[in-house]
Amino acid sequence: MTAVDARPQTTTESRFPRGFRWGTATAAYQIEGAAAEDGRTPSIWDTFSRAPGRVRNGDTGDIAADHYHRMDEDVALLKGLGVTDYRFSVSWPRVQPTGRGPAVQRGLDFYRRLVDALLTAGIRPVVTLYHWDLPQELEDAGGWPQRDTAGRFAEYATIAGEALGDRVTTWTTLNEPWCAAFLGYASGVHAPGRTDPVAALRAAHHFNLAHGLAVRALRDVLPRKSEISLTLNLHAVRPLRETPADLDAVRRIDALGNRIFLDPIFHGRLPEDLIEDTASLTDWSFVHDGDLATASEPIDSLGINYYSPTVVTAVSPAPATATSGLSDPDPGHDHDHDPTGTDVPSPWPGTEERVRFVPAPGPRTAMDWPVDADGLYELLTRLRDELPRTPLMVTENGAAYDDYADPSGAVHDPERVAYLRAHLAAVHRAIAAGTRVRGYFLWSLLDNFEWAYGYSKRFGIVHVDFATQRRTVKDSARWYAAVIGRGGLA
Ligand code: FCB
């Protein structure tokens with residue numbers, strides 16, 4: 001029998017490096033509310049959530065978690081957690097209402113007050129410029145499939161950089177452009193709800209361009225020490241079987257889900273195989289000379305959002321077995337399926353007849369997303385190998401469960417604690433394996449407007465009673481505070 005080492009694990013083994021950034025993350029439309037206050041105009045999410053049948057229960061972000069009016073209380077919650085960092089997004093239509101022209105000072109003042117409150121509490125602000133709330137007027141002018149939107153975004157980045165750059169040192173241009181492009185313009189389950197695969201591919205390119213233009217615009221106005229990043233929801237794609245056909249299915253999804261952003265942004269090129277795979281849809285002539293050089297403007301770190309892995313298998317393109325992209329047994333990405341329960345077009349243009357998504361095994365969260373922390377380890381170590389010089393941050397990770405306050409007012413969420421523990425352990429393993437992970441941002445601080453699911457899904461470590469806006473710290477928040485306090489897992 002092999003001797004088992006029964007010594008208790010020393011805490012140093014699960015300690016994170018000194019200076020590790022411990023945070024939580026939120027997004028403007030999901031928490032702020034105050035949708036029509038102080039000059040804010042509608043974003044595509046205001047319009048989309050008002051359209052019948054788009055968001056579960058007809059929920060909107062009109063009030064959300066009322067963070068716009070409860071900012072001080074929420075910063076106090078962050079301080080109580082002991083986080084070092086807080087990631088939030090700026091609402092574009094709040095600071096530049098129509099997406100053009102001068103800034104609205106009242107809108108900017110809100111973010112100035114938030115940043116000041118964070119700094120006073122000893123918390124580093126991490127600003128995301130675009131977390132999906134495009135000013136509706138820009139969508140009316142063509143939205144992200146339209147090249148001009150990238151230029152508009154750079155102008156908005158200048159406004160935000162000038163207003164906050166003296167106090168905000170970490171900037172993220174875009175949050176999850178994959179979701180914004182393919183769920184917004186191909187499957188239509190997110191705003192603006194269009195179902196045009198070519199528009200989605202154009203949008204993806206314009207996101208890359210907008211990112212690069214914004215990096216340049218920010219460098220022009222920010223102090224030198226500022227850190228500029230972007231956040232991708234990279235897909236941890238696995239084959240159902242290790243067959244050449246299934247590995248080819250992986251390659252296709254990796255191209256359309258990951259390399260479509262990684263290659264332009266880090267290598268100034270488009271994946272050749274992506275161009276081939278989508279040749280029946282587009283010749284990519286919307287990519288102009290110089291665009292890829294712009295997209296690859298150097299950045300200081302990469303943010304990764306991870307929730308669950310993706311498993312794929314090959315299907316033969318023969319008509320009898322071809323899938324239409326409708327009714328896949330698994331949606332293929334965290335937000336893919338239509339929470340209103342109807343079939344939607346595929347968000348994976350050009351792969352519909354070749355790739356089938358297969359449910360990953362294991363326990364599931366209230367989103368029906370599989371719990372699998374190894375996927376996070378796989379992604380981080382892949383990036384260690386592919387982008388060895390780029391520091392990484394996990395800018396979102398977390399889980400929804402059906403939490404409720406018990407009669408004593410406590411919210412017990414042991415499943416969330418288990419999820420977080422497993423994923424933090426995966427981050428720790430990746431660091432031990434030589435990956436440069438600089439921080440971890442838990443999604444999310446507060447229960448909030450979960451996009452097409454409205455308020456039906458709770459991701460917060462702080463419970464929000466949306467009728468009273470009362471905040472209640474969940475067990476997971478206490479657990480996270482203890483992890484931060486000791487600098488690692490027990
Ligand atoms: C991510 C989004 C975030 C939230 C989580 C659950 O894709 O960036 O706003 O919806 O999923």
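We count ligands from 1, going down the list as the structure has it; atoms in each ligand are counted the same way. Computation of the quantities below employed the complete heavy-atom set of this structure, encompassing side-chain atoms and omitting hydrogens, waters and symmetry-equivalent molecules.
Side-chain contact, Y440 with N397: a donor N or O sits under 3.5 Å from an acceptor N or O. Using modelled atom types, one finds a donor on one side chain and an acceptor on the other under 3.5 Å when comparing S301 with S229.
A salt bridge links R251 with D277; the closest basic N to acidic carboxylate O contact falls under 4.0 Å.
Between W22 and F20, the distance from one ring center to the other falls under 6.0 angstrom. Checked against the 6.0 Å centroid criterion, the rings of Y130 and W144 qualify as a close aromatic pair.
The ligand atoms of ligand 1 that sit less than 4.0 angstrom from a heavy atom of H131 are 2 (C), 3 (C), 8 (O), 9 (O). In the vicinity of N175, heavy-atom distances shorter than 4.0 Å reach the ligand 1 atoms 8 (O). The F459 neighbourhood of ligand 1 comprises atoms 6 (C), with distances under 4.0 Å to a heavy atom of that residue. For ligand 1, the atoms sitting less than 4.0 Å from at least one non-hydrogen atom of W451 are 3 (C), 4 (C), 9 (O), 10 (O), numbered in the order shown with element in parentheses.
Only the side chain of E396 comes within 4.0 Å of ligand 1, counting heavy atoms alone; its backbone N, CA, C and O stay farther away. With a 4.0 Å heavy-atom cut-off, ligand 1 is reached by no atom of N233.
For ligand 1, the polar-atom distance check against W369 finds no nitrogen or oxygen pair separated by under 3.5 Å. Ligand 1 has no N or O atom lying under 3.5 Å from any N or O atom of W132, backbone or side chain.
Stacking of R382 on the aromatic ring of Y377 is not recorded, the 6.0 Å distance cut-off and the 45° axial limit not both being met.
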